[in-house]
Amino acid sequence: MPELPEVETIVRGLRLTLPGRRVTGVRLGKTDFIDDPAVLERDLPGQKILAVRRMGKYLLFDLEPADGSAGGASLLVHLGMTGRLVTAAPEEPEAPHTHAFFALDDGRELRYVDVRRFGRIALLAKDGAELSKLGFEPLEATEGQFADKLRGRRAPIKSVLLDQRVLRGIGNIYADESLWRARIHPLRLAGSLTSNEVRELLRAVKSVLAAAIRMRGSSVSDYVDADGQRGLFQQRHRVYQREGKKCSRCGTAIERIVIGGRSSHFCPKCQRAPRRARKSKR
DNA sequence: AAGATTACCTGAAGGC
DNA sequence: TGCCTTCAGGTAATCT
């Protein structure tokens with residue numbers, strides 16, 4: 001599923017061709033995941049793509065109106081679980097579940113494909129409050145900023161890592177992998193982490209995200225980048241979807257539990273359970 | 001009001 | 001073989 005490293009890889013790919021292109025037409029299929037389809041069809045054609053950016057797991061295409069005025073709107077795309085953005089020649093057959101076609105002035109098309117339609121497309125006005133609730137960009141956050149976000153929170157650290165208001169862009173894969181690297185059990189209450197643990201966790205988050213970006217993301221189910229290429233970081237996963245396999249540090253079998261409705265993978269030896277959650281052992 | 005739970009959606013996988 | 005159930009999870013809505 002597309003998390004920060006996957007979205008970053010897609011953004012870097014789209015940046016090679018999209019800036020400077022003008023959208024010449026919009027064609028939509030199913031629209032139940034689009035904020036206001038009529039507005040998109042009416043207002044997007046004619047606008048020029050100035051830049052392609054990422055905020056957490058969101059892609060943002062900064063736009064300039066046809067008349068060159070300073071409109072400052074942006075096209076927002078979230079890939080949900082199964083969303084894909086690909087460029088194609090108009091005559092190329094469309095993949096199943098292709099729900100949006102954006103024709104470009106170089107004769108090509110940007111297409112949005114999404115089996116489950118958990119994604120989102122919206123046209124944002126300039127300075128919309130839309131993304132203001134997002135937390136820090138993980139690769140730029142400081143230890144102090146991260147610590148402030150964790151202070152007093154009584155939810156499991158696993159759930160807090162998934163909370164986009166804390167650090168934006170982390171999903172289930174990188175939450176589990178970060179906690180393993182930092183040797184912190186996913187059920188630990190976020191506010192109970194020591195300052196050493198907070199520091200180690202942020203270091204782990206940054207190193208795992210950076211490594212995943214270098215390997216062009218994780219292709220677990222159906223993620224591919226803007227060129228249709230799979231990522232490679234799934235080869236480096238230490239716990240995610242490795243239940244029953246040996247921990248690469250200590251050889252103990254990886255376990256899976258459900259936290260907040262999400263599966264969580266960890267090493268029961270490297271990541272010591274809080275007292276409250278420890279199973280009685282004889 | 002933070003934390004927990006559920007709905008949304010479809011295809012893959014497993015059970016029988 | 002085929003039908004049924006379960007699972008995957010990002011986010012928003014709904015609960016407690």
Side-chain angles (χ1 to χ4, degrees), chain A residues 1-8 10 28-37 54-60 76-85 94-100 112-122 124 128-135 138 148-179 186-193 209 212 217-224 230-231 234 237 239-244 254-266 274 276-277:
Chain A
M1 27 254 91
E3 305 180 23
L4 187 153
E6 291 76 32
V7 178
E8 179 65 24
I10 292 167
L28 303 177
K30 290 188 178 177
T31 59
D32 55 352
F33 65 100
I34 298 175
D35 276 27
D36 193 334
R54 178 188 61 74
M55 276 188 75
K57 300 172 194 170
Y58 290 92
L59 292 106
L60 287 166
L76 170 143
V77 177
H78 193 294
L79 301 171
M81 272 192 65
T82 52
R84 296 182 179 190
L85 273 173
E94 58 189 76
H97 308 290
T98 304
H99 301 303
Y112 181 78
V113 185
D114 192 348
V115 175
R116 274 166 238 192
R117 307 201 302 286
F118 273 21
R120 182 177 166 205
I121 296 179
L124 298 189
E130 188 60 38
L131 302 172
S132 62
K133 283 180 290 190
L134 289 176
D148 286 345
K149 291 283 193 178
L150 301 188
R151 191 164 297 123
R153 294 206 49 171
R154 304 184 62 77
I157 184 63
K158 170 62 186 285
S159 302
V160 174
L161 280 179
L162 295 177
D163 184 342
Q164 302 299 298
R165 297 169 303 181
V166 178
L167 296 177
R168 61 192 191 222
I170 299 174
N172 212 32
I173 295 173
Y174 298 105
D176 283 3
E177 294 296 322
S178 298
L179 288 166
L187 280 175
R188 289 281 305 282
L189 299 189
S192 79
L193 266 53
L209 293 178
S218 301
S219 288
V220 172
S221 52
D222 47 7
Y223 160 75
V224 292
R230 290 168 55 83
Q234 66 279 4
H237 290 177
V239 287
Y240 181 77
Q241 285 193 353
R242 292 178 53 81
E243 182 182 13
I254 300 301
E255 292 184 6
R256 185 186 84 96
I257 58 177
V258 175
I259 302 174
R262 293 291 168 258
S263 61
S264 300
H265 313 77
F266 63 98
R276 156 185 65 76

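Proteins come first, then strands; the chains are lettered A, B, ... in the order of their sequence lines, and each starts at number 1.
Judged by distance alone, the side chain of A:D176 and the main-chain N or O of A:V239 form no donor-acceptor pair under 3.5 Å. With A:E3 contributing its side chain and A:I173 its backbone, the two residues share a donor-acceptor pair below 3.5 Å.
In this structure, CG of A:L150 is placed 15 Å from P of B:dA2, rounded to the nearest angstrom. When rounded to the nearest whole Å, the span between CD of A:Q234 and C1' of C:dA8 equals 16 Å. In this structure, A:K133 places its NZ atom 12 Å from P of C:dT11, rounding to the nearest Å. Taking atom CG of A:L187 as the reference point, atom P of B:dG3 lies 15 Å away to the nearest angstrom. Taking atom CD1 of residue A:I257 and atom C1' of nucleotide C:dG9, one finds them 17 Å apart after rounding to whole Å. For the pair A:K149 NZ and B:dG3 P, the interatomic distance rounds to 13 Å; values are reported in whole Å. Residue A:R256 contributes atom CZ, which lies 8 Å from atom P of C:dG9 at whole-angstrom precision. One can place CG of A:N172 at 14 Å from C1' of C:dT11, the figure rounded to the nearest angstrom.
In this structure A:E94 satisfies the salt bridge (Lys or Arg N to Asp or Glu O under 4.0 Å) test with no other residue, sequence neighbours excluded. Every side-chain contact (heavy atoms from CB on, under 4.5 Å) that A:H78 has, sequence neighbours left out, goes to A:K57, A:Y58, A:R120. With sequence neighbours excluded, the residues forming a side-chain contact (heavy atoms from CB on, under 4.5 Å) with A:F118 are A:M81, A:R116, listed by chain and number. When the salt bridge (Lys or Arg N to Asp or Glu O under 4.0 Å) test is applied to A:D163, the partners found at least two apart in sequence or on another chain are A:R153, A:R165. Listed by chain and residue number, A:K30, A:D32, A:F33, A:H99 satisfy the side-chain contact (heavy atoms from CB on, under 4.5 Å) test with A:R117 (two or more places apart in sequence, or in another chain). In this structure A:E6 satisfies the side chain to side chain donor-acceptor pair (under 3.5 Å) test together with A:Y174, sequence neighbours excluded. Applying the salt bridge (Lys or Arg N to Asp or Glu O under 4.0 Å) criterion to A:R230, with sequence neighbours excluded, gives no partner residue. In terms of the side chain to side chain donor-acceptor pair (under 3.5 Å) criterion, residue partners of A:E8 (sequence neighbours excluded) are, by chain and number, A:R12, A:R54. Residues satisfying the salt bridge (Lys or Arg N to Asp or Glu O under 4.0 Å) test with A:R168, not counting sequence neighbours, are A:E137.
Direction change of the helix axis from one end of the helix from B:dA2-C:dT16 to B:dC16-C:dG2 to the other is 50°, with five pairs defining each end axis (rounded to 10°).
Comparing A:G261 and A:V160 along DNA chain B, the residue whose closest nucleotide (by nearest heavy atom) sits nearer the 5' end is A:V160. Heavy-atom nearest nucleotides on DNA chain C were determined for A:M81 and for A:R120, and the one closer to the 5' end corresponds to A:M81.
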Close N/O contacts between protein and nucleotides 14-16 of chain C (under 3.5 Å):
none

Shorter than 3.5 Å, N or O on both sides, protein versus nucleotides 7-11 of chain B: list them out with atom names.
residue	atom	partner	partner atom	Å
B:dT10	OP1	A:R117	NH1	3.0
B:dT10	OP1	A:R117	NH2	3.4
B:dT10	O2	A:R116	NE	3.3
B:dG11	OP1	A:H97	NE2	3.1

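Residue contacts for A:S263: at a heavy-atom cut-off of 4.0 Å it reaches the sugar-phosphate backbone alone, with no base atom in range. Within the 4.0 angstrom heavy-atom criterion, only backbone atoms of the sugar-phosphate kind lie near A:P156; the bases stay farther away.
One finds no side-chain N or O of A:Y223 lying less than 4.0 angstrom from the OP1 or OP2 phosphate oxygen of C:dG10. The phosphate of C:dT11 has OP1 or OP2 within less than 4.0 Å of a side-chain N or O from A:Q164.
The two residues A:P2 and A:G80 have their closest heavy-atom pair at CD-O, 3.5 Å.
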